[in-house]
Amino acid sequence: MKQDLKRTRIAEVLRTGRIGSRYVVMGWVRTRRDSKGGFSFVEVNDGSCLSGLQIIADKGLANYESEVLRLQTGCSIRVDGILAESPGKGQKVELKAEALKVMGWADPDAYPLQKKRHSFEFLRTIAHLRPRTNTFGAVARVRNAMARAIHAFFQERGFIYLHTPIITGSDCEGAGEMFKVTTLELNYAPEKDGAIDFSRDFFGAPANLTVSGQLEAEIYALAMGDVYTFGPTFRAENSNTSRHLAEFWMVEPEMAFCDLDGNIDLAVAFLKQIFASVLTDCGEDMQFFNRFIDSSVIPTLEQLISKDFQVLTYTEGIDILKKAKENFEFPVDWGADLQSEHERYLCEKVVNGPVVLIDYPKEIKAFYMKINPDGRTVRAMDVLVPKIGEIIGGSQREDDYETLLAKIREAGLNPEDYWWYLDLRKYGSAPHSGFGLGFERLIQFVTGLANIRDVIPFPRTPGNLAF
RNA sequence: UCCUCGGUAGCUCAGUCGGUAGAGCGGGUGGCUGUUAACCACUUGGUCGGCGGUUCGAGUCCGUCCCGGGGAGCCA
């Protein structure tokens, strides 16, 4: 065995491999088919691409009878061989093995993955093995390509990548239930006046996992101009749906000297560039999703890249819904938040694509959003997409000190808790805008996977902390 | 958290009116073949989610709990 040769990834063998050259490939066996002509076909996958490499192993190998004929799905092997043109259908090249070494066996009686389709529900119960399947390998590569594309998009535009804290002292970010962080022994927590005494906790105060980096991102936007965060976010909501996770990744750009129009422009350019990158960088994986998961993903993405996004005000959206001949379960009224069925109708029936909804009534949006001159609506924007719903939520931020102070009080919040946030409006305030994008929802949209638990390696949901 | 549908072999599922457990795939053995979701034959394989109840008898009916899917709410 030529131990001096270095391992070559299968993606590279298939892309640049030369017929007649010697390669070393290492990976996991997907299937083995024997020919009684005295040789076997072994399909190997190493995760570098969707395709596997067909190995031709014949009885000339010293361990053909003893090992090759015992190879099963899941075994890891090393193959040293010569790349050859394949006479069979289904692949252009194959590796003629000069040596095949079994690195790790996988008992076929016990190994849960078979060379057939498994349900996503079952694969979730074996999250340590599911990346070895076609679908989850493709998801992992697409997720990686999208993360890289996100950084590329912002870096090209001069945005600073900002690391906002995971642990936060403020429970006033207002975006949902928070996980508590403590080193106190829960059964023996110190008490004072009948309540837990957090002054004796690690931070000397109650601490939580962040639900958003936005408020901190505003700090840096009002110093660096354009910043973005890209990191984990935590919500302790008891949400049991196909589009909610307790731990998910969020992208949050924040731009100084930028109004809502600039915010919309960035969001649209962002989505288009990410979609285009995935189609170029992950062509094979996307073909796979388009064929086996959802036959509309590639046409949809291609359309979005070239098409203008429809921008509607909330008021226009309400008008359209009121005139619609659809029997909605929930009534449509100006001032009420849109239900999922309303959002879906606008995306799927009216526009047939994503919709940017702006200028929502102030009562149904967060206190920090900038009030419009009409006094009733705020400069909010939601980007809604078919099937998934809200994928981006953002706004121009209120930059006027007195107005923000009043709105904090109106919301029943304590201005003292927001002293530094208010300070930003006191010293060198400037118009600024930003949005939050759910990374996993974007991956769902791109891949067509119906359940958000299948686009993150290790999903955290209520009652599920395995792996 | 609410509504709804499910939980039967390693996996995907069928199981009629309450009468004593089935198929395909997978695994094993043999055959055949430059094969590729290979094919053919034989074979292996079960605490019917847990607990309790009704009944001569429960996979099947009732109660309860656990887990999963879909929908809703909260949101990204």
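Chain A is the first sequence line, chain B the second, and so forth, proteins listed ahead of strands; every chain is numbered from 1. Since the model is a prediction, treat every value here as computed from it, not as a measurement.
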Requested in this report: Please determine, for the side chain of A:Arg124, which listed nucleotide (B:A76, B:U33, B:G68) has the closest atom?
Outcome: B:G68
Requested in this report: Using the P atom on both, measure B:G7 against B:G15 and round to a whole Å.
Outcome: 10 Å
Report summary line: From the candidates B:U35, B:C11, B:G68, the one with an atom nearest any side-chain atom of A:Ser86 is B:U35
**Report entry** Contact under 4.0 Å: A:Arg441 side-chain N or O vs B:C75 OP1/OP2
**Finding:** no
Query raised in the report: Nearest of B:G27, B:G34, B:G70 to any side-chain atom of A:Gln72?
Result: B:G27
Query raised in the report: Reckon A:Gln339 touches a base, only the sugar-phosphate, or nothing at all at heavy-atom distances under 4.0 Å?
Result: sugar-phosphate
Requested in this report: Assess whether one donor atom and one acceptor atom, taken from the side chain of A:Ser239 and the base of B:C74, lie less than 3.5 Å apart.
Outcome: yes
Query raised in the report: Base, sugar-phosphate, or nothing: which does A:Gly436 touch, judged by heavy atoms less than 4.0 Å apart?
Result: sugar-phosphate
Report summary line: Side-chain contact check for A:Arg33: nearest option of B:U12, B:U35, B:G34 is B:U35
Query - Closest nucleotide among B:G28, B:C74, B:G68 to the A:Pro108 side chain - result: B:G28
Query raised in the report: Would you say A:Ser242 reaches B:G71's phosphate, i.e. side-chain N/O to OP1/OP2 under 4.0 Å?
Result: yes
Query raised in the report: Has the side chain of A:Gln91 got a donor or acceptor that lies under 3.5 Å from a partner of the other kind on the base of B:U35?
Result: yes
Query raised in the report: Do A:Glu94 and B:G34 have a side chain to base donor-acceptor pair shorter than 3.5 Å?
Result: yes
Query raised in the report: Are a donor atom and an acceptor atom from the side chains of A:Arg33 and A:Ser35 found within less than 3.5 Å of each other?
Result: no
Query raised in the report: Checking all strands, does A:Arg30 fall into the base, sugar-phosphate, or nothing category for heavy-atom contacts under 4.0 angstrom?
Result: nothing
Query raised in the report: Just by distance, with hydrogens left out, do A:Thr168 and A:Asn208 show a side-chain donor and acceptor under 3.5 Å apart?
Result: no
Report task. Check whether the aromatic ring of A:Phe439 stacks on the base of B:A76, taking stacking as ring centres less than 5.5 Å apart and planes within 30° of each other. Result -> no
Report task. Decide yes or no, distance alone: a donor-acceptor N/O pair under 3.5 angstrom between the base of B:U1 and the side-chain of A:Glu237. Result -> no
Query raised in the report: Within the structure shown, what part of the strands sits under 4.0 Å from A:Thr241 by heavy-atom distance: base, sugar-phosphate, or nothing?
Result: base
Query raised in the report: Any donor-acceptor pair under 3.5 Å joining the side chain of A:Asn240 to the base of B:U1?
Result: yes
Requested in this report: Give A:Arg344 one of three labels, base, sugar-phosphate or nothing, depending on what nucleic acid heavy atoms sit under 4.0 Å from its own.
Outcome: sugar-phosphate
Requested in this report: Using a heavy-atom cut-off of under 4.0 Å over every strand shown, decide if A:Pro112 touches base, sugar-phosphate, or nothing.
Outcome: nothing
Query raised in the report: Are side-chain N/O atoms of A:Arg157 and A:Tyr228 paired as donor and acceptor at under 3.5 Å?
Result: no
Query raised in the report: When all nucleic acid strands are considered with a 4.0 Å heavy-atom cut-off, which category describes A:Leu245: base, sugar-phosphate, or nothing?
Result: base
Requested in this report: Tell me, with the steps shown, if A:Lys349 and A:Glu326 meet salt bridge (Lys or Arg N to Asp or Glu O under 4.0 Å).
Outcome: CA-CA 10 Å; A:Lys349 298 277 172 60; A:Glu326 189 92 351; 3.7 Å; yes
Query raised in the report: What does A:Ile56 touch in the nucleic acid at a heavy-atom separation under 4.0 angstrom: a base, only the sugar-phosphate, or nothing?
Result: base
Query raised in the report: Per the atom types in the model, does the base of B:C11 pair as donor or acceptor with the side chain of A:His118 at under 3.5 Å?
Result: no
Query raised in the report: Checking all strands, does A:Phe41 fall into the base, sugar-phosphate, or nothing category for heavy-atom contacts under 4.0 angstrom?
Result: base
Report task. Give a yes-or-no answer on whether the side chains of A:Thr164 and A:Tyr220 include a donor-acceptor pair shorter than 3.5 Å. Result -> no
Report task. Remember a base hit wins even if backbone is also touched, and classify A:Asn238 as base, sugar-phosphate or nothing at under 4.0 Å, heavy atoms. Result -> base
Query raised in the report: Just checking, is any N or O donor in the side chain of A:Tyr368 or A:Glu218 under 3.5 Å from an acceptor N or O on the other one?
Result: no
Query raised in the report: Does any donor-acceptor pair link the side chain of A:Gln114 with the base of B:G10 at a separation under 3.5 Å?
Result: yes
Query raised in the report: A:Thr233 near the nucleic acid: base, sugar-phosphate alone, or nothing, with a heavy-atom cut-off under 4.0 Å?
Result: nothing
